[in-house]
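So the structure is just underneath, and the comments pick up after that.
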Amino acid sequence: MTQTLLGLKHNLFSAWRTFQSERTLQKRLDVLETKLIHFEEMERENERLKKLLDFKATMPKSTRAVRVIGQDLLPWRKTLILDKGSQHGIKKNMAALVERGLAGRIFEVGPLVSRALLLIDPDSRVSGITEVSRAQGVVAGDGSETLTMLYLELDAEIAVGEIVLTSGIGESYPKGIGIGTITSIEKDSSGLHLAAKVKPFAEFSKLEELLCIEYFPSK
Amino acid sequence: MYRILSVKVIFLALLFTVADMTISPLFQVGGLRFYFTILFIFYTAYHNGWHRILPLSFLVGLLRDLLGSQLFGIEMMSFVLAALLLDFVLQKMERGFFSLWVALCFLFTSLVLCLELLSTAFLTGQIQISWYVLALAFGSGFYTAVAMPFYFAAIDFWKKRKLKTQQQYDLFS
């Protein structure tokens, strides 16, 4: 009888210890899972930054890497708030790039933060040139996810799928940076020019880091 | 006016304006956003009276003008006009039901965004009114109204927890 009671007591203690150790292990597992998520996020960030760094190496001009910390208040305005300002070397009209191409330009600079105007903003205008046919036009945003290349000559030999690059005209953007690919071509409302829809290279809804480059040819 | 716009309210309005710029984009669905500032206005009005809508709209509009990138005054004008219009239309209406408040939130948000759209288009010419931007305005209004019960529940939960941690005598001090 005593043996049975002792055995039962031993079993109860052992079950309690197992329960306690299971709880401790579960807690450790939760902590490790959180850490794993953090590491995976860091790995993804590392990959993005590495790509940006590779891209930076190809840039001859002075560059600054910035992080996106916010967006404009209105849903149709496409501007970003960046974590660096004039104290970190950011200047007005610097071009903002991602590894795949042009994203926009800096239009407002504060001491600690700055704002970038994206290509898809209704205010944005960039002088562009098609890669093969060398037709020049103005790439404009309208608030949606696609761009429009305006004022193309009626006899311009542009084709769907052709890449649009920056033409280098103006003060913000160096020549030859990728903007996007032409997806459709039609006459504009006046009938005097062609207008082409351009699918931008940059994924504007997924921007997290940008590279700002200084390009002021006339200065 | 002094009691309505206390330092605490101004601080909270500023906090929610910053949240609109930094946290709200994380919950963006197809370009549609919800607005913490509008939910804050409605929460305060729901618990403390409809008359707070106007001064709070003025404050939030001013802060959004100061922190935003559009022409100064557009946000403030749109918020105040929307509040006045809604107040004028709903003067005689019983606003006791929560579902009616959700509908009001949708109307208010859509009205603010439409007024901002119209004033930006006519005053600055920066944007063309299209079905896309109108869909964004009404869609964001709908999204804000959908987020309203969750926001109210979260704030109520937080306030209840805060109240529990207070000592009994604190409540009378």
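Per chain, numbering begins at 1; letters A, B, ... match sequence-line order.
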With a 6.0 Å cut-off (strictly less than), is the heavy-atom count around [atom1] of [X], excluding the residue itself, greater than 12?
{"X": "A/Y151", "atom1": "OH", "result": "no"}
{"X": "B/F11", "atom1": "CZ", "result": "no"}
{"X": "B/F142", "atom1": "CZ", "result": "no"}
{"X": "A/E40", "atom1": "CD", "result": "yes"}

Pick one of side chain, backbone, both or neither for [X], based on which atoms fall under 4.5 Å of a heavy atom in chain A.
{"X": "B/R64", "answer": "both"}
{"X": "B/L26", "answer": "neither"}
{"X": "B/Q70", "answer": "both"}

(message) Quick check for you: to the nearest 0.5 Å, what is the distance between B/R33 atom CZ and A/Q71 atom CD?
(response) 5.5 Å
(request) Drop me the distance from B/L113's CG to A/L74's CG, to the nearest 0.5 angstrom. (result) 7.0 Å
(message) Can you tell me which portion of A/L73 sits under 4.5 Å from chain B's heavy atoms? Options are side chain, backbone, both or neither.
(response) both
(message) Need one label for A/S144: side chain, backbone, both or neither, based on atoms under 4.5 Å from any heavy atom in chain B.
(response) both
(request) Indicate yes or no: at least one non-hydrogen side-chain atom of A/D142 is less than 4.5 angstrom from one of B/S130. (result) no
(request) Write down the atom of B/Y132, the atom of A/K78, and the distance for their closest heavy-atom approach. (result) OH-NZ, 4.5 Å
(message) Testing the basics here: between A/P75 and B/S140, what is the closest heavy-atom pair and its distance to 0.1 Å?
(response) CG-OG, 3.9 Å
